[in-house]
Student: 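Shown below is the structure under consideration.
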Amino acid sequence: GQVTGGKDEL
Amino acid sequence: MNIFRLTGDLSHLAAIIILLLKIWKTRSCAGISGKSQILFALVFTTRYLDLLTSFISFYNTIMKLIYIGCAYATVYLIYMKFKATYDGNHDSFRLEFLVVPVGGLACLVNHDFSFLEILWTFSIYLESVAILPQLFMISKTGEAETITTHYLFFLGLYRALYLFNWIWRFYFEGFFDMIAIVAGVVQTILYCDFFYLYVTKVLKGKKLSLPA
């Protein structure tokens with residue numbers, strides 16, 4: 001599943 | 001952070017700077033689709049609103065500010081400063097045909113129905129098709145300045161490198177984001193035709209001209 005914790009990618 | 005994401009970001013930054021310098025130095029935006037640049041400004045605006053809510057790293061914050069700043073500067077140069085050189089007749093792609101379906105899809109297919117998440121999803125879907133007006137314009141004019149092809153090469157390369165970044169992150173971190181991956185694959189596929197022309201023509205010193 002998608003790791004939460006905001007979008008660290010640009 | 002991994003080598004693919006870093007080189008991807010630098011490739012993206014190179015593309016943005018190349019375009020800005022091309023317009024500024026030649027004082028002309030001939031052959032450039034202002035509509036694609038509007039879409040990119042919209043992509044960065046809707047994706048980077050989290051600048052106001054969360055801090056990830058200095059790199060993350062600075063790059064987001066550079067992208068947003070350059071995107072709006074480019075739109076300004078095209079539609080204001082060098083408006084006389086803007087080729088509106090060939091930049092005729094209907095933006096509503098992209099923004100409306102993308103907006104609808106972002107509301108239907110997303111990870112979380114929250115304001116910032118919907119906007120982020122919208123920006124991911126929009127970015128995958130944002131280059132279409134530019135590619136459409138080149139197909140109408142039948143050619144592109146060499147500097148413009150370098151801009152497109154680095155712009156297309158950046159998301160292709162992100163695909164490798166996602167493979168890396170899945171393998172080493174167990175991280176994957178299906179929405180970003182599918183949109184990234186679509187985005188990169190849209191450049192394939194251009195990549196072929198770039199490698200077979202521009203890299204051989206010829207001008208990029210589509211078969212008349």
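Side chains are part of it too, since the values below use all heavy atoms of this structure and drop only hydrogens, waters and symmetry mates. Labels below follow one simple rule: chain letters A, B, ... track the order of the sequence lines, proteins then strands, and each chain is numbered from 1.
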Student: So what's closer than 4.5 Å to chain A heavy atoms on B:N165: side chain, backbone, both or neither?
Tutor: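 Side chain only.
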
Student: Heavy-atom count check: over 12 atoms from other residues, nucleotides or ligands less than 6.0 Å from B:D193 CG?
Tutor: no

Student: Over 60° means perpendicular and under 30° means parallel, so classify the ring planes of B:F195 and B:F153, tilted if in between.
Tutor: perpendicular

Student: Contact part of B:N60 toward chain A, heavy-atom cut-off under 4.5 Å: side chain, backbone, both or neither?
Tutor: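 Both backbone and side chain.
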
Student: Tell me whether B:T149 contacts the main-chain N or O of B:T146 through its side chain, where contact means a donor paired with an acceptor under 3.5 Å.
Tutor: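 Side chain of B:T149 to backbone of B:T146, a donor-acceptor pair under 3.5 Å: yes, one is there.
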
Student: Let's test your reading of the structure: which of B:F44, B:Y48, B:Y67 forms the most heavy-atom pairs below 4.5 Å with chain A?
Tutor: B:Y48

Student: Looking at chain A, which one of B:R5, B:H12, B:K64 has the largest number of heavy-atom pairs inside 4.5 Å, strictly under?
Tutor: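 Going by pairs under 4.5 Å, I would pick B:R5.
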
Student: Please state whether the rings of B:Y162 and B:W166 are parallel, tilted or perpendicular, taking 30° and 60° as the class boundaries.
Tutor: perpendicular

